[in-house]
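See below for the structure under consideration.
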Amino acid sequence: MTSASAGAGRLIDVHTHAAPTPLLTWLAGHGLADMSEVGRDVVRLSPEISGVAEGTPIPLHRSQYDVAHRLADMDRMGVYRQVVSLPPFFTCSGAADPGLVREVVGRGNEALAAFAGRGEGRLLALGTVPLGIPEGVAEARRCLDELNCAGVAIGSYGAGRDLDDPVHEPLWEFLAERGTFVFLHPNAVSGGARLGSYWLPQLVGYPAETALAVSRLVFGGVLERHALTLCLAHGGGCLPALEGRLDLGWRRKDVARTVPLPPSEYLRRLYVDSAIFSPRLLERLIEDFGAGQVLLGTDYPFELADTEPAATLAGLAITPADRERVGSANARRLLGQ
């Protein structure tokens with residue numbers, strides 16, 4: 001009997017990805033995906049879908065579309081349940097055509113919900129909300145009410161608009177009113193050609209992008225106006241290290257004094273996942289945010305993932321009660337499990 005089937009630990013991983021076959025085949029059929037290298041665990045997507053350069057090889061591990069393979073991996077990892085979202089490469093962050101965004105994201109959500117439904121009760125889908133267009137709130141409502149998603153996932157940018165753009169105000173109002181679990185995963189990067197080597201868009205760009213996106217939520221007053229249940233991927237990226245600098249700017253720069261409280265007060269209301277890949281930094285994150293604000297996240301099945309989450313948790317210098325909070329209790333509470 002595996003550790004997962006025996007219920008040992010009952011770990012819940014809130015940061016995993018899947019790209020189900022119906023979405024892939026639809027994209028390929030419309031000339032938006034090259035599936036010729038799937039056997040080598042690679043797919044190539046049109047830049048308007050992926051947000052990255054033409055021809056970029058995007059990892060496509062078999063478990064992104066094979067439920068049985070995924071469940072076997074979960075057993076090996078000691079994970080009882082995964083919360084699954086579309087990879088950021090499928091969120092159309094750079095697309096200029098709202099119709100294409102609605103079509104791709106909508107089909108992706110339907111395919112993801114069906115994929116999770118085949119997971120023997122161990123997979124929970126997060127529906128992706130298209131950003132930068134007014135229809136985002138309608139897709140969020142459809143994901144929750146029709147597709148039975150456990151929550152929603154959002155990127156950091158969409159249709160040329162940041163998260164504090166007024167177009168998103170109805171979305172924040174809806175998500176706050178519903179108490180929806182919202183997982184924020186970066187889906188764009190700044191920096192241009194300077195990030196063009198060494199896989200730096202993911203290594204450096206994504207953590208910086210999260211800090212930028214959430215800083216706009218803070219200074220734009222979104223977190224002042226709306227009590228969002230917001231969980232940040234990759235431990236909040238660079239954001240925890242910028243807390244003091246943001247507070248200093250709020251105190252000393254009139255242009256940054258846009259909200260009644262210092263930024264740190266809003267950051268402490270947020271949740272973060274554990275996908276930072278350093279036990280020392282993870283212990284510090286738990287100390288700073290509190291064990292009640294940190295959720296287990298692996299970034300499975302990408303290469304930049306924690307492949308031994310049970311061992312990661314077991315090795316932390318925290319109390320058994322805090323280990324339980326991070327490993328599953330916080331996720332159960334926020335996702336209603």
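Bear in mind that the values here come from a model prediction, so they are computed numbers and not experimental data. Atoms considered below: every heavy atom in the structure, side chains included; atoms not considered: hydrogens, waters and symmetry mates.
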Can [X] and [Y] be counted as having a side-chain donor-acceptor contact under 3.5 angstrom?
{"X": "N330", "Y": "Q293", "value": "no"}
{"X": "E324", "Y": "S328", "value": "yes"}
{"X": "Q82", "Y": "R70", "value": "yes"}
{"X": "D299", "Y": "H234", "value": "yes"}

Taking [X] first and then [Y], would you say they form a salt bridge - that is, a charged N and a carboxylate O separated by under 4.0 Å?
{"X": "R284", "Y": "D288", "result": "yes"}
{"X": "E110", "Y": "R142", "result": "yes"}
{"X": "D13", "Y": "R122", "result": "no"}
{"X": "R268", "Y": "E243", "result": "yes"}
{"X": "R102", "Y": "E139", "result": "no"}

Distance, nearest 0.5 Å, that separates [atom1] of [X] from [atom2] of [Y]:
{"X": "L261", "Y": "L267", "atom1": "CG", "atom2": "CG", "value": "11.5 Å"}
{"X": "R107", "Y": "L112", "atom1": "CZ", "atom2": "CG", "value": "15.0 Å"}
{"X": "D66", "Y": "R62", "atom1": "CG", "atom2": "CZ", "value": "4.5 Å"}
{"X": "L11", "Y": "L313", "atom1": "CG", "atom2": "CG", "value": "6.0 Å"}
{"X": "E287", "Y": "D322", "atom1": "CD", "atom2": "CG", "value": "11.0 Å"}
{"X": "H30", "Y": "L27", "atom1": "NE2", "atom2": "CG", "value": "9.0 Å"}

Return yes if some donor-acceptor pair links the side-chain N/O of [X] with the main-chain N/O of [Y] below 3.5 Å, else return no.
{"X": "R269", "Y": "A227", "result": "no"}
{"X": "N109", "Y": "T128", "result": "yes"}
{"X": "R141", "Y": "E146", "result": "no"}
{"X": "T210", "Y": "G237", "result": "no"}

Other than V105, which residues form its hydrophobic cluster under the rule that side-chain heavy atoms must be closer than 4.5 Å?
->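 Direct or chained contacts put V105 with V101, I133.
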Has E169 got more than 12 heavy atoms of other residues, nucleotides or ligands less than 6.0 Å from its CD?
->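 Enclosed.
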Count the heavy atoms of every other residue, nucleotide or ligand shown that sit under 6.0 Å from CZ of R245, and state whether that count exceeds 12.
->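 Result for CZ/R245: open.
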Throw together a table of side-chain donor-acceptor distances under 3.5 angstrom for residues 194-207, partners on residues two or more places apart or in other chains.
unit_1	atom_1	unit_2	atom_2	d
W199	NE1	Q202	OE1	3.3

Pick from L126, V152, L230: which one makes a side-chain contact (heavy atoms from CB on, under 4.5 Å) with F181?
->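 Of L126, V152, L230, side-chain contact (heavy atoms from CB on, under 4.5 Å) with F181 is met by L126 alone.
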So do P87 and Q64 actually touch side chain to side chain, heavy atoms under 4.5 Å?
->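 Result yes, sub-4.5 Å side-chain heavy-atom pair found.
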Considering the options F302, F183, Y271, Y300, which one meets the ring-ring contact (aromatic ring centres under 6.0 Å, His included) requirement together with H15?
->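 When F302, F183, Y271, Y300 are each tested with H15, the ring-ring contact (aromatic ring centres under 6.0 Å, His included) holds only for F183.
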